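A quick write-up on the structure given underneath.
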Amino acid sequence: MSETAQSNHTEKKDFLVRSSSLKDVRTFCREVFEKLQIEQNLKDELVLAIAEAAQNIVKHAYKNDPQTDDKMVVQISCKDNKLQIGFYDMGTPVDPNKVKHREIDNVKPGGLGTFFIQEIMDAVEFKDGKKPWINHLVLTKQL
Amino acid sequence: MSYKVTEDGNIATIHLDGEIDMDVTEKAKEVIFPHIEAGKEVHLNLSNVQYMDSSGISVLIESHQKALEKNTKVIIKDVSKSVLKVIMMAKLEQILNLE
């Protein structure tokens with residue numbers, strides 16, 4: 001489902017909560033950012049941040065459950081040069097206080113996804129999910 | 001993700017192709033780790049990898065650390081600009097062996 005306006009632009013799409021959906025999430029984002037004429041470097045960064053957030057839903061909210069038929073929704077909105085990306089899922093509730101990246105100097109596998117999101121985006125906010133959603137994450141970036 | 005492996009003496013050259021994300025990290029490990037565990041020097045050619053996320057970066061870190069344990073090394077070759085940017089964002093350009 002998508003809706004576009006001349007001054008504002010909003011598109012959203014749902015995806016099965018599976019690691020195999022991550023490629024589709026990236027494709028969706030690239031297509032939207034193409035329409036928004038976002039330059040390549042920023043587009044690459046935004047796609048990475050969005051894919052990391054989607055990966056966190058698969059990995060943490062759903063513990064990489066291959067059996068789930070649940071879907072997550074990614075919504076990209078752009079208004080007055082402010083980009084807002086919303087993520088909705090019905091997985092395990094996220095405690096925002098426990099969402100931390102590893103110390104960047106403590107080199108070990110894992111714990112970088114949240115770091116990338118925070119590096120790329122201006123703001124990361126967990127909101128109360130309104131039914132049927134449990135988690136609602138909002139990433140924002142001033143363009 | 002697809003891959004090609006060539007071996008020359010103690011050097012295993014692995015060309016990865018495609019996008020490296022959480023969905024393919026297990027496959028990437030299955031391709032890379034046995035060569036490290038066999039004590040080979042691994043040359044990981046990433047010229048055809050245009051996208052890598054934190055899961056892919058974790059594979060690079062784990063490969064590097066496994067190689068140190070085995071007294072060998074993983075050399076990352078021909079890394080694309082987009083992947084180099086992610087490596088630099090993770091502040092790993094001085095830690096991983098990049099050529």
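The chains referred to below are lettered A, B, ... by the order of the sequence lines, with proteins before strands, and numbering in each begins at 1. Worth knowing before you read on, the calculation uses all heavy atoms, side chains too, and leaves out hydrogens, waters and symmetry mates. If you're wondering where the values come from, they're calculated on a predicted model, not measured in any experiment.
For A/Gln142, the CD atom is densely surrounded, since the number of other residues' heavy atoms within 6.0 Å is greater than 12. Around CZ of B/Phe33, the count of heavy atoms belonging to other residues, nucleotides or ligands within 6.0 Å exceeds 12. B/Gln94 CD: 12 or fewer foreign heavy atoms inside a 6.0 Å radius. Heavy-atom neighbours of B/Asp8 CG from other residues, nucleotides or ligands within 6.0 Å: at or below the threshold of 12.
Of the two parts of B/Leu92, only the side chain, counted from C-beta on, holds a non-hydrogen atom closer than 4.5 Å to a non-hydrogen atom of chain A. Heavy-atom distances place the side chain of A/Arg26, and not its backbone, under 4.5 Å from chain B. Residue B/Val86 touches chain A through both its backbone and its side chain, counting heavy-atom pairs closer than 4.5 Å. Contacts of B/Gln65 with chain A are made by side-chain atoms alone, with heavy-atom separations under 4.5 Å and no backbone atom involved.
B/Asp23 is not listed as a side-chain neighbour of A/Lys23, based on a closest heavy-atom distance of 4.5 Å or more. Annotation: side chain of B/Asp21 is not in contact with side chain of A/Gln55 (no heavy-atom distance under 4.5 Å). Within the 4.5 Å cutoff, the side chain of A/Leu48 has heavy atoms near those of the B/Met89 side chain. Between A/Leu22 and B/Glu19 there is no side-chain heavy-atom pair separated by less than 4.5 Å. Considering only heavy atoms from C-beta on, A/Lys59 comes within 4.5 Å of B/Ser55 through its side chain.
Taken together through direct or relayed side-chain contacts under 4.5 Å among Ile, Leu, Val, Met, Phe, Trp and Tyr, A/Val47 and A/Leu42 form part of one hydrophobic cluster. Note on B/Val5: it clusters hydrophobically with B/Ile20, by side-chain heavy-atom contacts below 4.5 Å among ILVMFWY residues.
Ion pair B/Lys85/A/Glu119 not flagged as a salt bridge, since none of the NZ, NE, NH1 or NH2 atoms sits closer than 4.0 Å to an Asp/Glu carboxylate oxygen.
Listed by chain and number, the residues in a ring pair (Phe, Tyr, Trp, His ring centres under 6.0 Å) with B/His64 amount to none (sequence neighbours excluded).
To the nearest 0.5 angstrom, B/Gln50 atom CD is 9.5 Å from A/Asp44 atom CG.
With A/Glu52 contributing its side chain and B/Asp53 its backbone, the two residues share no donor-acceptor pair below 3.5 Å.
Among residue pairs with one or both ends in residues 131-143 of chain A, none qualify as salt bridge (charged side-chain N to carboxylate O under 4.0 Å, His left out); sequence neighbours excluded.
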